[in-house]
Amino acid sequence: MPAIDIPPRYNSKEIESKWYELWEKSGYFKPVVDETKKPFVIVIPPPNVTGILHMGHALNNTIQDILIRWKRMQGVPVLWVPGVDHAGIATQNVVEKKLAKEGKTRQQIGREKFIESVWKWKEEYGSTIVRQLRRLGSSCDWTRERFTMDEKLSRAVRESFVSLYEKDLIYRGNYIINWCPRCHTALSDEEAVHKEIQGFFYYIKYPIDPKTPVHGQDHILIATTRPETMLGDTAVAVNPNDERFKTFAGKRVILPLMNRSIPIIQDEFVDPEFGTGLVKVTPAHDPNDFAMGNRHQLEFVNILNPDGTINENGGNYRGLDRFEARKRVIEDLEKAGLFVEKKPHIHAVGHCYRCHTMVEPYLSKQWFVRMKPLAEPAIKAAQDGRIQFIPERWTKVYLNWLENIRDWCISRQIWWGHQIPVWYCHECEKRGKVPDNLSSPNASVGDIQTCPPQIVGGSASGGDSRFRGNDSRAASINAGIIVSRQDPTQCPTCGDKNLIRDPDVLDTWFSSWLWPFSTLGWPEKTKDLQYFYPTSTLVTAPEIIFFWVARMIMAGFQFMEKEPFDTVLIHGTVRVEGGQKMSKSLGNSIDPLEIIEEMSADALRFSLMMLGATDVYLSRQKFEQGRNFTNKIWNAFRFCVNNLADFKPEDFRPLEKMYAKEFSVIDKWILTELQDAAEEIDTHLEECRLSEAANSVYHFFWHSFCDWYLELAKPVLMGNQTAERKVVQNILVHVLETSMKLLHPFMPFITEEVWQRLKELIGGEYFANETVMLARWPFADQRIRFEKEANAVRLFQEAVGGVRDLRSRLGLKPAEELNEVTIVVKNHEAEEALRTFQKEICFLNRIKHLSLFQTFEKKSGMVGKVYSHIEIFVSGLSESDLKREGEKIREKIAELEKHIQSINDRLGSEQFISRAPEEIVEKEKERKEDFEKQLESYRENLTLFG
RNA sequence: GGGCAAUUAGCUCAGUUGGUUAGAGCGCUUCCUUGACAUGGAAGAGGUCACAGGUUCGACUCCUGUAUUGCCCACCA
């Protein structure tokens with residue numbers, strides 16, 4: 001054989017980079033398109049361009065890579081589309097921070113320069129995560145890598161916006177949205193995460209307006225959690241059915257500090273049981289109050305600047321931060337004798353999902369997507385199973401969200417992102433033709449969220465009153481508004497060329513919801529789009545079902561008229577031991593790249609898969625399992641190669657072409673185990689149970705192949721029997737090769753290394769492929785499966801274990817021989833089975849003489865182990881060992897008696913006999929017989945132990 | 001406040017449509033540096049399947065309730 005020098009240690013670093021480069025260079029990651037076959041396609045959940053690989057990515061991408069590699073080996077055309085998300089707010093924050101270090105702000109350098117510097121930043125740091133995904137072994141088709149801000153994907157964004165507008169599914173209007181005072185932008189409902197905080201209920205007196213006196217009352221008492229918002233109060237509300245406040249209806253109060261007279265209105269919304277039963281109404285800063293404001297035609301007074309400070313509508317508090325203002329308002333009320341008390345109160349408050357700042361409900365002019373029509377097909381698809389969630393329970397979560405869906409605020413007041421493709425004509429504006437609330441001319445009137453309010457004071461778009469106006473759906477609705485696929489040069493209404501583009505950009509998710517088809521070329525009808533859409537499986541974490549998964553499904557139906565994938569595989573969240581979520585900000589993260597450095601990418605991947613399908617609880621130690629396994633694989637391989645020194649390529653014969661009689665029982669057993677493993681792994685992968693699949697292959701390789709087969713192969717390999725030896729060598733090659741294929745999706749690097757070295761050794765048609773990546777996925781081959789042998793081997797393993805236990809009780813050193821062992825077998829099958837293993841039993845236990853009998857004259861003091869079908873006799877056991885064994889037999893007897901009793905009860909029951917299926921009754925009878933035989937044999941043996 | 005899920009060995013979890021004596025990995029105990037591997041090998045210990053009812057010939061598995069925990073959603077000021 002060719003001299004192959006196998007290093008004693010597996011050097012992951014060299015090997016991993018060597019193979020990855022070769023794979024990529026050779027184009028193995030690119031799909032082999034075959035029009036006759038349905039492809040398997042995954043689009044990557046695009047990581048943020050600011051991202052660095054964390055354990056969540058590692059888990060997510062390992063799963064995707066396993067599925068992709070498995071399908072690829074099955075000969076399915078596969079495509080894994082990689083890419084990166086521009087992550088609007090997150091990226092803008094990062095670059096702004098960098099500018100701040102240089103003493104600059106984005107406002108100083110201006111929009112154009114700022115965007116330039118973001119692109120520059122992207123060029124410099126943006127490919128980090130993409131490099132790291134390669135380190136992990138991800139077999140993405142990098143030639144199809146996409147970025148959500150690419151020219152083509154931007155076109156897709158623009159197309160989708162315009163077409164939705166044309167279908168009246170996009171509108172603009174003044175509504176209460178979530179405003180982040182730190183990021184200076186609107187957020188969608190999903191981007192405002194509710195957190196419970198410990199706050200206070202402040203009780204405040206509002207004096208009755210002397211002009212509308214109420215008998216016997218000079219004030220009312222209201223309760224609020226946000227006292228500073230009172231500066232924008234335009235009413236106080238009571239429930240019309242609340243007897244206590246009947247006399248207040250139609251009266252007015254003086255708003256303290258502002259000295260404004262405001263009405264007391266009646267509204268069903270008010271809950272008489274809650275607070276004082278009287279509610280201050282701040283239509284510009286609370287969604288409920290906003291609705292009340294509309295119902296009662298109240299004034300909408302905005303008191304906040306975009307940065308969270310009080311604006312000119314807040315009187316003396318102008319310029320103060322919202323929390324400072326809260327303090328001052330309370331102080332001043334106290335001075336005025338109008339503050340009563342504060343009580344602790346826990347309530348949920350929205351926080352910005354990017355910077356964790358408390359958000360403000362804020363009235364401003366924003367763009368929205370009308371979601372109800374989009375949700376309908378997405379709901380149906382999940383209900384009738386065209387889209388399946390794994391685990392299934394996520395379907396409910398998904399449906400529940402879609403069924404209660406609210407319109408999606410998509411405009412963001414930041415600079416990094418896709419700028420909204422809307423222009424306003426200056427001339428038309430001046431003539432007051434541009435309304436506040438815009439939607440397409442063919443809009444059906446009345447289905448907009450609520451009526452448009454009258455604004456007083458500044459709004460989000462910079463305090464402009466330019467668009468103040470009333471409804472919308474007048475005939476001239478679209479005068480001066482250009483929503484266009486191409487940049488317009490003049491106003492189609494008046495021809496004026498002074499056009500102003502809407503300064504806002506779109507929500508980041510407005511580009512990612514197009515991902516499954518925009519990456520394939522949409523809106524162009526590309527070949528890729530036709531062949532690869534819809535994709536197959538989406539692999540992601542539960543956190544983004546609403547942000548991304550649900551919206552992709554809606555977009556898929558809207559723009560492609562087809563669901564974007566049929567399976568959504570939701571994996572767990574990565575946590576540290578103890579249950580905390582693993583995150584950089586908590587400082588508890590384990591860097592996957594460190595694990596790759598220290599232990600190898602294969603170890604990282606395999607460890608993650610072995611941890612199970614739920615949330616994974618990690619510690620550094622947990623990765624040792626994967627590392628140990630790579631070590632095991634490497635050493636088993638070394639052992640095999642060392643014993644193949646005299647094996648010539650022409651000695652190799654594919655096993656299915658060998659005769660069954662050439663194999664020993666052990667050979668047949670390991671081959672059967674291998675077929676079982678192949679079948680199990682395949683079934684598990686088919687059902688997306690990756691950790692089960694990993695377990696199967698782990699168990700087969702380690703415990704069946706290494707622990708038993710290789711141990712038993714040793715005497716054969718050391719012996720002189722050439723024919724036997726050749727058979728075993730063939731099996732070694734076959735099992736190794738097959739195992740490497742089965743393991744490859746999980747551990748791509750080490751399996752490639754081992755496989756390539758075997759190929760070098762054997763060559764020939766068996767290793768016709770250039771890489772294990774493209775080798776044929778193993779199937780359970782019935783020709784080399786031998787069911788009968790499995791039971792025999794189990795008995796044999798029991799016998800070996802029993803003798804080993806006795807050896808240790810006799811205190812024998814490993815090298816010492818055991819003189820005389822007698823095994824009594826209880827039936828013919830057992831005898832037959834053990835007789836074939838006589839040599840092996842002796843070898844594994846260093847037994848000089850082994851006798852097998854069906855009956856045996858027992859001598860006292862010569863008993864060791866008693867099992868259900870065999871007894872093992874040795875001499876020289878100590879009193880206490882015998883006693884111990886006797887105890888165990890008594891326990892066993894008690895257990896058997898219990899089982900027999902319960903079976904007797906069952907068999908004695910009329911109902912069981914008449915109602916249980918016959919086969920079950922038969923089975924029970926068999927079990928009973930079996931138990932009784934065992935019981936008899938144990939009882940018989942008990943006499944030997946005194 | 002609403003919804004979803006979980007509760008099986010010291011820990012993390014399997015248990016595939018209700019029917020063998022409930023499994024795995026890690027950890028633990030004892031022994032072993034035997035020539036692939038101490039990142040290893042062998043032999044062990046360890047569970048009344050959260051609790052209470054119910055359905056059934058039969059329940060870890062199905063139903064109801066209770067308890068505990070976790071997650072998600074939510075415009076009662």
Side-chain angles (χ1 to χ4, degrees), chain A residues 6 8 10 176 189 194 201 222-226 229 237 269-271 273-276 278-282 286-291 345 347-348 350 361 391 393-394 396-397 400-401 404 542-543 545-546 573 577 579 599 603 610-617 621-622 624-625 627-643 683-684 687 689 691-692 695 698-699 706-707 710-711 714 718 800-802 804-809 811 813-815 844 846 868 892 895-896 898-899 902 906 909-917 919-921 923-924 926-927 930-931 934:
Chain A
I6 311 291
Y10 172 63
I176 297 271
D189 292 331
H194 286 85
F201 242 145
I222 60 103
T224 178
T225 53
R226 293 187 301 158
T229 62
F269 166 78
V270 181
D271 177 0
E273 303 298 313
F274 195 80
T276 61
L278 287 139
V279 188
K280 60 190 272 308
V281 184
T282 322
D286 183 281
N288 295 315
D289 296 4
F290 175 77
H345 178 64
H347 59 144
R393 73 188 132 94
W394 294 108
K396 277 190 192 166
V397 176
N400 186 48
W401 185 75
N404 298 295
E543 296 96 87
I545 290 177
F546 306 145
T573 304
E577 284 187 333
M599 304 189 186
M610 285 297 278
L611 285 170
T614 54
D615 283 5
V616 289
Y617 295 84
Q621 195 211 348
K622 294 240 165 111
E624 287 171 10
Q625 192 176 10
R627 180 200 59 185
N628 295 353
F629 192 39
T630 56
N631 182 258
K632 191 74 182 175
I633 293 168
W634 191 249
N635 280 296
F637 167 62
R638 280 177 60 216
F639 171 79
C640 291
V641 170
N642 287 338
N643 285 288
T683 313
H684 286 141
E687 312 270 319
R689 292 190 299 255
S691 71
E692 296 284 302
N695 257 300
Y698 178 85
H699 185 267
C706 293
D707 287 351
L710 290 187
E711 287 310 312
K714 281 174 184 175
M718 287 190 288
V800 171
R804 276 171 176 159
D805 188 26
L806 293 177
R807 281 186 62 95
S808 85
R809 293 201 184 287
K813 294 273 170 209
L844 290 177
R846 299 206 178 224
S868 50
K892 194 77 199 174
E895 199 185 309
L896 283 169
K898 218 175 80 187
H899 288 310
S902 84
R906 227 169 296 165
S909 146
E910 264 308 309
Q911 285 158 320
F912 176 71
I913 301 296
S914 57
R915 296 199 192 177
E919 53 182 81
I920 296 294
V921 177
K923 221 172 173 180
E924 286 298 300
E926 276 170 38
R927 279 179 64 208
D930 190 42
F931 283 151
Q934 287 183 38

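Order of the sequence lines fixes the chain letters, A, B, ..., with proteins taken first and strands second; residue numbering starts at 1 for each chain. Please read these numbers as outputs of a predicted model, since none were measured by experiment. Computed over heavy atoms, backbone and side chain alike; hydrogens, waters and symmetry mates excluded.
The partner of B:U7 is B:A67, by the rule that a Watson-Crick or G-U pair needs both atom distances under 3.5 Å. Look at B:A45: it lacks any Watson-Crick or wobble partner with both distances under 3.5 angstrom. Nucleotide B:C62 is matched to B:G54 when pairs are restricted to Watson-Crick or G-U wobble geometry with both distances under 3.5 angstrom. As the counterpart of B:A36, no nucleotide is assigned, since no Watson-Crick or G-U wobble pattern has both distances under 3.5 Å. Under the Watson-Crick and G-U wobble criteria, each requiring two contacts below 3.5 Å, nucleotide B:A77 is left unpaired. Under the Watson-Crick and G-U wobble criteria, each requiring two contacts below 3.5 Å, nucleotide B:G2 is paired to B:C72.
A distance of about 26 Å separates the C1' atoms of B:G25 and B:C71, rounded to the whole Å. Nucleotides B:G47 and B:C11 place their C1' atoms 14 Å apart, quoted to the nearest Å. B:G19 and B:A38: their C1' atoms are spaced 44 Å apart (whole Å). If you take atom C1' in B:A59 and the same atom in B:A74, they sit 38 Å apart, rounded to whole Å. Here the separation of B:G10 from B:U66, taken at their C1' atoms, is 27 Å to the nearest Å. Taking atom C1' on both nucleotides, B:C37 is separated from B:C32 by 15 Å, rounded to a whole Å. Taking atom C1' on both B:U29 and B:A45, the two are 7 Å apart, rounded to the nearest angstrom. Between B:U8 and B:C49, the two P atoms lie 11 Å apart (nearest whole Å).
Using a 4.5 Å heavy-atom threshold, the side chains of A:Pro542 and A:Thr573 count as touching. Two residues are said to be in side-chain contact when any heavy atoms from C-beta on lie closer than 4.5 Å; A:Arg226 and A:Asp286 meet this criterion. Between A:Phe629 and A:Met610 there is no side-chain heavy-atom pair separated by less than 4.5 Å.
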Base-contact (B) and sugar-phosphate-only (S) positions in nucleotides 22-30 of chain B, heavy-atom cut-off under 4.0 Å, - elsewhere | --SSSS---
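A:Arg846 CZ: 12 or fewer foreign heavy atoms inside a 6.0 Å radius.
Between the C1' atom of B:G1 and the CZ atom of A:Phe274 lies a distance of 11 Å, rounded to the nearest Å. Remark: C1' of B:G1 and NE2 of A:His347 are 15 Å apart, rounded to the nearest angstrom. Rounding to whole angstrom units, CG of residue A:Asp289 and P of B:A77 are separated by 11 Å. Atom-to-atom, CG of A:Asn400 to C1' of B:C72 comes out at 9 Å; the value is rounded to the nearest Å. In this structure, A:Glu910 atom CD and B:U56 atom C1' are separated by 17 Å, rounded to whole Å. Note: CG (A:Asn628) to P (B:C37) measures 15 Å, nearest angstrom. Distance A:Phe546 CZ to B:G3 C1': 11 Å, rounded to the nearest Å. Atom NZ of A:Lys898 is separated from atom P of B:U48 by 11 Å (rounded to the nearest Å).
Taking every side-chain heavy atom of A:Arg627 into account, B:U39 is the closest of B:U39, B:A74, B:A77. Taking every side-chain heavy atom of A:Arg393 into account, B:A5 is the closest of B:C76, B:A5, B:U39. For A:Asp271, the listed nucleotide lying nearest its side chain is B:A77; candidates were B:C73, B:A74, B:A77.
Taking the ring axis of A:Phe639 as reference, the NZ or CZ atom of A:Lys714 stays within 45° of it and closer than 6.0 Å to the ring centre.
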Polar atoms only, N or O, under 3.5 Å: list the protein pairs with nucleotides 32-36 of chain B and their distances.
{"from": "B:A36", "atom 1": "OP1", "to": "A:Lys714", "atom 2": "NZ", "distance (Å)": "3.3"}
{"from": "B:A36", "atom 1": "O2'", "to": "A:Asn635", "atom 2": "OD1", "distance (Å)": "2.8"}
{"from": "B:A36", "atom 1": "O2'", "to": "A:Arg638", "atom 2": "NH1", "distance (Å)": "3.3"}
{"from": "B:A36", "atom 1": "N6", "to": "A:Glu711", "atom 2": "OE2", "distance (Å)": "3.2"}
{"from": "B:A36", "atom 1": "N3", "to": "A:Asn635", "atom 2": "O", "distance (Å)": "3.1"}
{"from": "B:A36", "atom 1": "N3", "to": "A:Ala636", "atom 2": "N", "distance (Å)": "3.2"}

Extract from the structure each pairing of a protein N or O with an N or O of nucleotides 13-19 of chain B at less than 3.5 Å, listing the distance.
{"from": "B:A14", "atom 1": "O2'", "to": "A:Glu692", "atom 2": "OE1", "distance (Å)": "3.1"}
{"from": "B:A14", "atom 1": "O2'", "to": "A:Glu692", "atom 2": "OE2", "distance (Å)": "2.7"}
{"from": "B:U16", "atom 1": "O2", "to": "A:Arg689", "atom 2": "NH1", "distance (Å)": "3.0"}
{"from": "B:U16", "atom 1": "O2", "to": "A:Arg689", "atom 2": "NH2", "distance (Å)": "3.1"}

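For B:C11, neither phosphate oxygen OP1 nor OP2 lies less than 4.0 angstrom from any side-chain nitrogen or oxygen of A:Lys622.
With sequence neighbours left out, the side chain to side chain contact (heavy atoms under 4.5 Å, CB included) criterion links A:Thr225 to A:Phe201, A:His345, A:His347. Residues meeting the ring-ring contact (aromatic ring centres under 6.0 Å, His included) test with A:His194, sequence neighbours left out: none. With sequence neighbours excluded, the residues forming a side chain to side chain contact (heavy atoms under 4.5 Å, CB included) with A:Phe912 are A:Arg906, A:Leu907, A:Ser909, A:Ala916, A:Ile920, A:Val921, A:Glu924, listed by chain and number.
Comparing A:Glu543 and A:Ser909 by the nucleotide of RNA chain B that holds the closest heavy atom to each, the one mapping nearer the 5' end is A:Ser909.
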Derivation and outcome, side-chain contact (heavy atoms from CB on, under 4.5 Å), residues A:Met599 and A:Thr630 = CA-CA 9 Å; A:Met599 304 189 186; A:Thr630 56; over 6 Å; no
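Within the 4.0 angstrom heavy-atom criterion, base atoms lie near A:Ala348. Among the heavy atoms of the strands lying under 4.0 Å from A:Phe931 is at least one base atom, whether or not backbone atoms are also near.
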